[in-house]
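See structure below.
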Amino acid sequence: KQRVLSGVQPTGNYHLGNYLGAIRNWVEGQSEYENYLFVADLHAITVPHEPKQLASDTYTLVALYLACGLDLTHSTIFVQSHVSAHSELTWLLNCITPLNWLQDMIQFKEKAVKQGENVSAGLLDYPVLMASDILLYQADKVPVGEDQKQHLELTRDIAARFNHLFAKPDRPVLKLPDPLIRKEGARVMSLADGTRKMSKSDPSDLSRINLLDPPDQIQYKIKRCKTDPVRGLIFDDPERPECNNLLTLYTLLSGKTKEEVAAECQDMGWGQFKPLLTETTIAALKPIQEKYQAITEDKSYLESVLRDGRVKAEAIANQTLAQVKAALGYSVPL
Ligand code: ATP
Ligand code: MG
């Protein structure tokens with residue numbers, strides 16, 4: 001089986017974009033692959049964070065992974081900071097990564113502009129940490145949203161450079177991963193602006209639907225979300241990004257095809273469509289929320305999931321790390 005690796009940062013506000021663009025795809029493909037799914041808590045401190053929240057946001061995310069349907073017979077779930085090889089490989093790869101590769105990353109530029117003076121070296125280095133996450137597990141495939149495509153290309157570039165510099169041509173140390181991109185719904189947009197992606201870090205909670213939002217909150221957010229005065233709802237009109245986004249959400253959450261939704265909604269106004277989307281969203285999230293409640297009642301269960309996950313992840317990660325260190329010429333600790 002091919003190995004797949006992916007993660008979400010434990011920064012709270014887990015939303016429909018994280019589900020439809022990431023977690024749900026992992027669930028759908030899980031039996032086909034050998035999955036390593038982690039909580040990216042080392043990534044979470046590349047921007048200012050709240051220490052009081054980090055551990056609880058981590059547990060919430062693990063519980064959501066399970067509530068969304070990840071099955072431990074196909075998937076290993078672990079916390080990034082529990083496997084120290086992630087930090088260690090990052091240092092080693094830092095030293096072979098040209099600085100200008102990192103300075104060219106779109107996400108860095110965007111986040112750096114937003115933060116002004118407070119940009120940490122960690123924010124610049126984020127893609128090398130991500131490369132380490134992937135390369136440690138010799139992953140074949142990485143399911144990436146549009147926002148992470150450039151980082152995956154960088155991962156391949158770093159791996160190729162490492163192999164070129166330090167491995168024999170016929171015996172590469174690091175495997176170059178391929179992207180796993182889904183066409184539809186790869187990108188869920190903000191409820192407040194159809195040209196920006198839905199994001200955990202958006203300061204406005206009205207910009208996103210969180211997976212743990214109660215029904216009345218979902219109703220309120222959809223009622224308030226940005227639309228346009230045009231009657232008749234259609235996909236793919238560049239002048240109407242909000243319309244396209246809301247139809248796409250409805251498509252993904254209802255399980256209908258794009259054609260079915262296009263036909264159903266072409267003559268609708270927002271007054272008719274919004275209640276439909278509300279009902280569909282509430283119904284889609286209900287089973288996840290119920291399962292989440294059940295899982296979080298037993299903290300020792302979550303702890304045992306993470307203990308097992310760490311042991312399995314370390315077995316592979318430490319092996320790759322040892323190969324990398326050997327290729328770089330390090331002596332073996334006595
Ligand atoms: P942040 O604002 O902190 O970066 P985020 O919402 O972008 O938060 P991440 O933890 O960076 O979340 O990403 C987790 C996963 O969710 C990644 O696979 C990412 O591609 C996916 N993802 C994030 N936002 C969206 C979105 N709006 N649409 C589709 N997928 C998304
Ligand atoms: Mg992000």
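Sequence positions, counted from 1, serve as the residue numbers for this chain.
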To the nearest 0.5 Å, how far apart are [atom1] in [X] and [atom2] in [Y]?
X	Y	atom1	atom2	result
Leu249	Leu20	CG	CG	6.5 Å
Leu70	Ile23	CG	CD1	7.5 Å
Leu176	Asp157	CG	CG	8.5 Å

message: Distance to the ring centre below 6.0 angstrom and angle to the axis at most 45 degrees; does that hold for Lys141 and Tyr33?
response: no

message: Can you see whether Trp270 has Arg231 sitting over its ring - NZ or CZ less than 6.0 Å from the centre and within 45° of the normal?
response: no

So, [X] side chain and [Y] main chain: donor-acceptor pair closer than 3.5 Å or not?
X	Y	value
Lys1	Ser31	yes
Lys299	Tyr59	no
Gln219	Thr278	no
Gln53	Glu50	no
Gln2	Asp140	no
Asn210	Leu212	no
Gln30	Ser75	no
Asn318	Ala315	no
Asp308	Val305	no
Asn163	Pro172	no

For [X] and [Y], work out which heavy atoms get closest and say how close.
X	Y	value
Ile96	Ile158	CD1-O, 3.8 Å
Ala63	Tyr292	CB-CE1, 3.6 Å
Leu129	His43	CG-NE2, 3.5 Å
Pro177	Leu135	CD-CD2, 4.2 Å
Met105	Pro127	CG-CG, 3.9 Å
Pro287	Ala284	CD-O, 3.6 Å

Side chains of [X] and [Y] in contact at under 4.5 Å (non-hydrogen atoms):
X	Y	value
Leu174	Thr320	yes
Lys325	Glu88	yes
Lys197	Val188	no
Lys258	Asp236	yes
Gln319	Gln138	no
Pro98	Arg161	yes
Val142	Pro179	no
Val83	His86	yes

task: Could you state whether Val47 and Ile45 fall into the same hydrophobic cluster, counting links through intermediate Ile, Leu, Val, Met, Phe, Trp or Tyr residues with side-chain heavy atoms under 4.5 angstrom apart?
output: no

Sole residue of Arg196, Lys114, Arg208 in salt bridge (charged side-chain N to carboxylate O under 4.0 Å, His left out) with Asp202: Arg196

Between [X] and [Y], is the ring centroid distance below 6.0 Å?
X	Y	answer
Tyr330	Phe166	no
His82	Phe38	no
Tyr65	Trp26	yes

message: What I want to find out is whether Glu153 reaches Lys149 closely enough, with some N-O distance under 4.0 Å, to be called a salt bridge.
response: no

message: Using a strict threshold of under 4.0 Å (side-chain N to carboxylate O), is an ion pair present between Lys286 and Glu290?
response: yes

Evaluation steps, side-chain contact (heavy atoms from CB on, under 4.5 Å), between Glu110 and Ile106: CA-CA 6 Å; Glu110 283 173 2; Ile106 295 162; 3.6 Å; yes

message: With side-chain contact (heavy atoms from CB on, under 4.5 Å) as the criterion, how do Ile316 and Tyr36 come out once you've worked through the C-alpha distance, each side chain's angles and the decisive distance to 0.1 Å?
response: CA-CA 11 Å; Ile316 297 176; Tyr36 284 79; 3.0 Å; yes

- request: Please indicate whether Lys223 has more than 12 foreign heavy atoms, meaning atoms of other residues, nucleotides or ligands, lying under 6.0 Å from its NZ.
  value: no

query: With respect to Phe108, which candidate in Val113, Leu124, Thr46 satisfies the side chain to side chain contact (heavy atoms under 4.5 Å, CB included) definition?
result: Leu124

- request: Would you please say whether a donor-acceptor pair under 3.5 Å links the side chains of Thr280 and Ser254?
  value: no

- prompt: Under the side-chain contact (heavy atoms from CB on, under 4.5 Å) criterion, do Leu102 and Tyr126 qualify, and how do the steps go?
  reply: CA-CA 9 Å; Leu102 301 180; Tyr126 174 116; over 6 Å; no

